[in-house]
Amino acid sequence: MDALRPSSHCRRSHARGSTRVDLLLLVAALALPVVDWLSGGLGLIDPMKAIFIYAILGLGLNIVTGFTGLLHLGVAAFMAIGVYSFAILTADIYPFQLGFWPALLLTIPIGAFAGFLLGGPTLGLRGDYLAIVTLGFGEIVQDVLRNLETITKGTQGINPLPPPTLPLPTAWGGTNGWYEFQADTPQPWYYLFLLFLVLVVVANRNLERSRIGRAWMSVREDDLASKSMGIPPVKTKLVAFATAAAIAAFAGGLWASSLSSTGEPSNYDFQVSILALCIVIVGGMGNISGVLVGAMVMIGVNDIVLQKIFSWMAKQELTSTGSVFGSPNNWKFLLFGLALVLMMRFKPDGLIPARKPRETGSARSATVRPKGEAS
Amino acid sequence: MSPMATPLLAVRDLRAGYGAIDVLHGISIEVAKGEIVSLIGANGAGKTSTLMCISRVLRIRGGSISFQGENITDLLPDTVVRRGLAQVPEGRKIFPRLTVGENLEMGAYIRSDAEGIEADRARVFTLFPVLKERLSQLGGTLSGGEQQMLAIGRALMSRPTMLMMDEPSMGIAPILVARIFEAVKELRSEGMTILLVEQNARAALKLADRGYVLETGHVVMTDSGAELLKSSRVREAYLGD
Amino acid sequence: MELDVQYLLQQLVNGLSNGMISALIAIGYTMVYGIIELINWAHGDLCMLGAFFALTLIGALGIGAWSGPMAAFGVVILLLATAGFCGSLNLIVDRFAYRPLRRAPKLTLLVTAIGVSFIFVNLGLFWGGLPMTVFGEGNAAAAPKNFPAIVPATPILGGEPGQVTLTVRDLMIAGVTMPLMVGLWWLVRHTKLGKAMRAVAQNPTAASLMGINTDRVIGATFFIGGALGGFGSVIYAINNGTIGFQLGYRAGMDAFTAAVLGGIGSLPGAVLGGLLIGVARSLSDGYLEARWTPTLVFTILILILVFRPSGLLGLKSKEKV
Amino acid sequence: MRLKHLALATASLASLASLAVVSLGAAPLPSLQEGKVIKIVSSLPRTGSANAQTTTMVNGIRMAIDEVGGKVDGFDIAYEDWDDASPQKGNWDPQVEAQNANKAVKDQSIVGYIGTFNSGASKISMPVLNKEGLVMVSPANTYPGLTKPGTGEKNEPKVYRPSGKINYFRVVPTDDLQGSVAAEWAKELGAKKVFILHDRELYGKGIADVFQKHGKEIGLEVVGYEGIDSKAANYKSLVTKIASTGAELVYFGGTTQNNAGQIAKDLRAGGVQAPFMVPDGCFETAFIEASGAENLNGKTYITFGGLPADKLTGKGAEFREAYIKKYGTEPEAYAVYGYEAARVLLDAIDRAEKKDRESIRAAVAATKSFVGALGTWSFDENGDTTNRVMSGQTVKDGKFEFVKVLGGSN
């Protein structure tokens, strides 16, 4: 037990520190629409929604990959399950026709159930085998959504989907006592997304410090040792997996509502899973604040910074159509890839590395290669 | 103990660690040619880290290492072996899915003198005849003691000037432990310099010319093997008396 | 449909010839995984660049116009040059992207590989946009490119409707992949380098204590894996006849699935996995609905892993800590 | 540790601030131009697989604007080429399309929105633009439900028109037209047994479904119907299957990007000599390049909405000449559609009394007997082109060759 003392102390003060980061981010996020408004519309509010959604998705994935140490390459599949179940529960071409709130709540158990279904038989698998199972599941879900036209409308997409509603008197902008969110008024959406993000962050922080959270990390550090301490690894992993699936499905439901459409099944392909994974790793595996920063950097750079730079270039007539090199759009993959490589090169533990119990976590990464000693 | 004029291996003020934690806080060790020097200490005292630093596997944060009068602090692990400093690592670390023969071949990786290699192989087989019987068996199928013999044999295949051995007796049946210490003596009689890390302090100090006692990353005592065996501090802490 | 033996055999031929190409690419994954536990995400895209390199070479040397024995000579040139290109490129990537991260967490390496894959895809887009005569008149960068049929699809067996047909291309695929696989097996089993590769894979620390320069051995592994990918990309391009900057994703995914199905890290496993997936795809296309083929392949994969957690020929290694 | 976190927090704030600065620098203040600049934007997938097609479309749009010297009725026309794909997806991204729509309605100087490429993307932006009355002209959407009541879901298209007004127009014929015309042409060509393939996308499957439905109505025997895996390396197994059915014509609903060229190649390599028919998604030289001319020559049929540029006189011929001069290649189907979409929009801006969104929307809706590069046509009450002239082409000596006008009866 003596050996644990310094680390638990360090984790406590670390938690204090990250709470501070969280609060600062929250203050910045709350202030952003005001800044945006004061400066006459920077167009930052709308793209921020994507950052919030990916942050929620990343936080879900962080439970599996960050806390529990499992490589998960199919988180988009659970998002798609959330998107499509939200759509089927709400759209007026289906019999259920629920409202926004009950449907969004239902995505959570549906996602969790899907997580159990996949995780149950496969979570005993070793790391990279599990990775390909999740990857394969992602492909299967996409194909099933595409092929089962009678239920999912195939590639047509399901729309329109109901926006959130709030009980608000007419004086406050409601009609008949209800305020309905509008697609082109991003501020209410912004704050709603932010609220959900905060809820997910708080839930994650509590999970991180809870018994199950400690069990996750113990499984990550040492599967066998946890078993001997009475933590059943497969069951523990399953809870992590289902929780992540529930969060991803929830993010999906929210997203579908904000788009008022499911889009196509291919909008939830492998690239989304990879992006979520990159957010978790670039931010700092296992670190909640890291995931937030990761989402901000990864989506912010792509959706905001690059967009602004490119439209500035277009205005300065720096672009041309003559050759493949002339259009900035043709450089996007390269810039994105280069950013990933450089970030990993110079911050291999992520932008905000998680502090693991040092005796085990760091010792492993400091051996020649992070690899178990075969003997 | 008299100061050595030109020690074969000289470690000065060595510092190293993992992540944010320092495990070696300035270790200084010297080994003269032909000596057996033993490092003893509790679990986590830094014995294995010291050897890994000398083999240049673990990153060094301060201090220097010289071997045969040359500074080897900035070398890569494979070059250290080429300079004649081999290690039998803790837990054997044989290659489980290579045959015994292939394991030995890997030991001679830096060499290309076919005849010399053959001669050294024969020497290993005289030292540990059982390896010859197991020649085409996979390393992972050997018993713990046999694996230890293989690990020692493998290290010898590079024809080192000095051998570092990390816990050769760990997890091995007593009868085989005796055989291994026997082999260490034999090697010494052939003029091999040995730096021995052992948990079995009594056996190690009996064998050693000199010893160092490590505690939490510091050298706390150093003396001849016989003197250390007599020391009350050592007796209490490491010999269970 | 009643069982039509000719039809079944033809589908098996189709499946095996596709499977062999997958297997060749899968070996690149499995070798790199075996030695540094990296899922080399960029491997499929490396093969894509290899195909563009081969196409450029055809244009530069005018290989497309060669015929008869000269065409065979042309194929050999393409194979060797592309293998060299892909191997060197893989080696360079290892040197500058992966080697600095040897001590970093495993997933850091994976994200780097994903980044490299994006870079490769973009390079492929640029490559396709170069105004070269070999790419036809248009220089629409993203459009699929025609890869000349240097090896014709002439039947050497059958050829009439309803007969089992085996073409010169099928022969070429077998003629390239089989010797390479045997050669690789020999290299890994019997050469000093091969043994060193296995030693590094099994215990890198111990290997460096043996005086093995692990970085050099890992580099060699990247080179060999990349070179096999290069061979694979040439026969892929000749066999299919169309290449595009996004082909790497799928070629890579098929090969990676094959590698895992066979047991990642195992060379015979990669080959077996590739063949099995090729045949499964072919039978699914042939007897079921093609739209369900990807689903079927992944379902088979998941089921096999559930019952054989380390793949078909994978080592039942201990749960890694 | 405390210091480190403070530093991090400062860094993240700083990065937010820098985002703000970047955007401040980039956003032009509309008031500076005193309303003399009218902006048109296009929202098309510019990153990833559709890049080849959208590049030619953007070329077409730029040509249309250049032709009028960048000025209409005294107003300067500014054009921005927006991307609705993201690099992380390599394909159209609903989030980005939604952002584009929201961005467009906010910028009051934007009076026309050319897009989208994917019908699914329009489903997202249509209602947003509709509420603000911003006119949208699609050069590529063919899903009928976007405009035609009764062809899609029961709530289509009214869900896309919350304001009740029609703001969405398209210059391309919809799948229901092209699919039927193709089936009829197939019959005319003498095929009795057809094998239908599609790429499992909204466009490709939509058109294949119509082909199947109409084909059965007119007495074609559908001997096979398969959705392909558009990323597969090749289709040998499917071709073996097609060969075993004795199909006399193979129809593929899909695009060049979704491997049409590979199918053509595999058909011929697999000994299937039956004619191969594809829709306008393959009417581009890239299709011939990808397939290899020898696999298409004389046995491939392509349907296209409107007459190909080289068969047009007047406007169409001028366009073709100018395009070849500027870009050095034959204008593709997509280039024409892009050009036509931009021209109809510019024409409406010219005609609109006031240069505000509503007047321009009304002017687009009132487009009648427009002399365009695709022929002379109008917008009907749904916002669809009345151009029902479809043309059929084949491939000869590695080039598209006009065969005949199809389905011109209405």
Side-chain angles (χ1 to χ4, degrees), chain A residues 65 71 118 121-122 124-129 131-133 135-137 139-140 143-144 146-147 221-225 270 274 277-278 280-282 285 323-325 330-345 348-350 364-375, chain C residues 33 36-37 39 97 100-112 114-123 125-126 128-131 139 141 202-206 208 214 249 253 256-257 260 264 289 291-292 294-295 297-299 301-302 305-306 309-311 314 317-321:
Chain A
T65 302
L71 182 53
L118 175 65
T122 58
L125 291 175
R126 198 159 65 87
D128 294 296
Y129 290 95
I132 184 120
V133 163
L135 184 152
F137 182 71
E139 296 293 307
I140 291 175
D143 265 339
V144 168
R146 204 182 266 261
N147 290 342
E221 297 310 327
D222 194 333
D223 212 329
L224 293 178
F270 177 67
I274 281 293
L277 185 70
C278 290
V280 171
I281 297 167
V282 166
M285 271 226 298
S323 95
V324 65
F325 303 108
N330 289 347
W331 292 82
K332 279 187 182 172
F333 285 126
L334 188 71
L335 295 174
F336 186 66
L338 214 54
L340 284 182
V341 172
L342 291 178
M343 264 191 270
M344 290 295 99
R345 174 73 180 78
D349 291 308
R364 187 161 17 116
S365 61
T367 53
V368 166
R369 251 176 306 286
K371 178 167 182 169
E373 302 287 28
S375 58
Chain C
Y33 184 87
I36 57 171
E37 292 199 351
I39 300 172
L101 297 173
R102 294 268 198 267
R103 286 160 191 263
K106 210 165 95 180
L107 287 182
T108 301
L109 218 56
L110 177 68
V111 171
T112 303
I114 292 169
V116 171
S117 137
F118 274 107
I119 294 173
F120 279 179
V121 166
N122 211 139
L123 293 180
L125 178 72
F126 285 156
L130 295 179
N139 57 355
Q202 289 170 32
N203 197 321
T205 311
S208 58
T214 50
Y249 171 69
M253 172 105 83
F256 176 50
T257 312
V260 175
I264 193 152
E289 284 184 74
R291 63 184 179 139
W292 288 109
T295 306
V297 168
F298 284 112
T299 309
L301 175 80
I302 292 176
L305 289 185
V306 166
S310 299
S317 66
K318 285 182 201 142
E319 184 77 20
K320 288 272 161 75
V321 178

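In this text the structure is predicted, and so the values were computed from the model without any measurement.
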**Q** Using every non-hydrogen atom in the two residues, find where R345(A) and L101(C) come nearest and quote the distance to one decimal.
**A** CA-CD2, 4.2 Å
**Q** Quick one: closest heavy-atom pair of A97(C) and V341(A), and the distance?
**A** CB-CG1, 4.5 Å
**Q** Go through the atoms of L135(A) and report whether side chain, backbone, both or neither lie under 4.5 Å from a heavy atom of chain C.
**A** side chain
**Q** S117(C) versus chain A, heavy atoms under 4.5 Å apart: side chain, backbone, both or neither?
**A** neither
**Q** Locate the shortest heavy-atom distance separating V306(C) from P121(A); write the atom from each residue and the value.
**A** CG2-O, 3.8 Å
**Q** Counting only heavy atoms closer than 4.5 Å, note whether L334(A) contacts chain C via side chain, backbone, both or neither.
**A** both
**Q** Relative to each other, are the rings of F126(C) and F325(A) parallel, tilted or perpendicular (30° and 60° limits)?
**A** tilted
**Q** Among V260(C), L123(C), V116(C), single out the residue with the greatest number of heavy-atom pairs under 4.5 Å to chain A.
**A** V260(C)
**Q** What part of F120(C) is in contact with chain A, defined as an atom under 4.5 angstrom from a non-hydrogen atom: side chain, backbone, both or neither?
**A** neither
**Q** Measuring from atom CG of L340(A) to atom CD1 of I119(C), what distance do you get when rounded to the nearest 0.5 angstrom?
**A** 8.0 Å
**Q** Would I132(A) and I264(C) count as a side-chain contact (heavy atoms from CB on, under 4.5 Å) here? Give the steps.
**A** CA-CA 11 Å; I132(A) 184 120; I264(C) 193 152; over 6 Å; no
**Q** Mind ranking L109(C), T295(C), T299(C), V297(C) by heavy-atom pairs under 4.5 Å with chain A and telling me who comes out on top?
**A** T295(C)
**Q** Among all residues two or more places apart in sequence or in another chain, which pass the side-chain hydrogen bond (donor to acceptor under 3.5 Å, both in side chains) test with T257(C)?
**A** none
**Q** Find the one option among V133(A), N330(A), T122(A) whose heavy-atom pairs under 4.5 Å with chain C are most numerous.
**A** N330(A)
**Q** If you take all heavy atoms of L277(A) and L110(C), which pair is closest and at what distance?
**A** CD2-CD2, 4.0 Å
**Q** To the nearest 0.5 Å, what is the distance between CG (L107(C)) and CD1 (I281(A))?
**A** 4.5 Å
**Q** What part of V144(A) gets closer than 4.5 Å to chain C, counting heavy atoms only: side chain, backbone, both or neither?
**A** both
**Q** Which atoms of L301(C) come close to chain A, meaning under 4.5 Å heavy atom to heavy atom: side chain ones, backbone ones, both, or neither?
**A** side chain
**Q** Apply side-chain contact (heavy atoms from CB on, under 4.5 Å) to the pair I39(C) and L71(A), showing each step before the final yes or no.
**A** CA-CA 11 Å; I39(C) 300 172; L71(A) 182 53; 4.2 Å; yes
**Q** Closest approach of P348(A) and T108(C), non-hydrogen atoms and distance?
**A** O-OG1, 2.6 Å
**Q** Mark yes or no for whether D143(A), through its side chain, and P294(C), through its backbone, hold a donor-acceptor pair below 3.5 Å.
**A** no
**Q** What part of V121(C) gets closer than 4.5 Å to chain A, counting heavy atoms only: side chain, backbone, both or neither?
**A** side chain
**Q** Can you list every pair that meets salt bridge (charged side-chain N to carboxylate O under 4.0 Å, His left out) and has a residue in residues 330-344 of chain A, with sequence neighbours left out?
**A** K332(A)-D83(D)
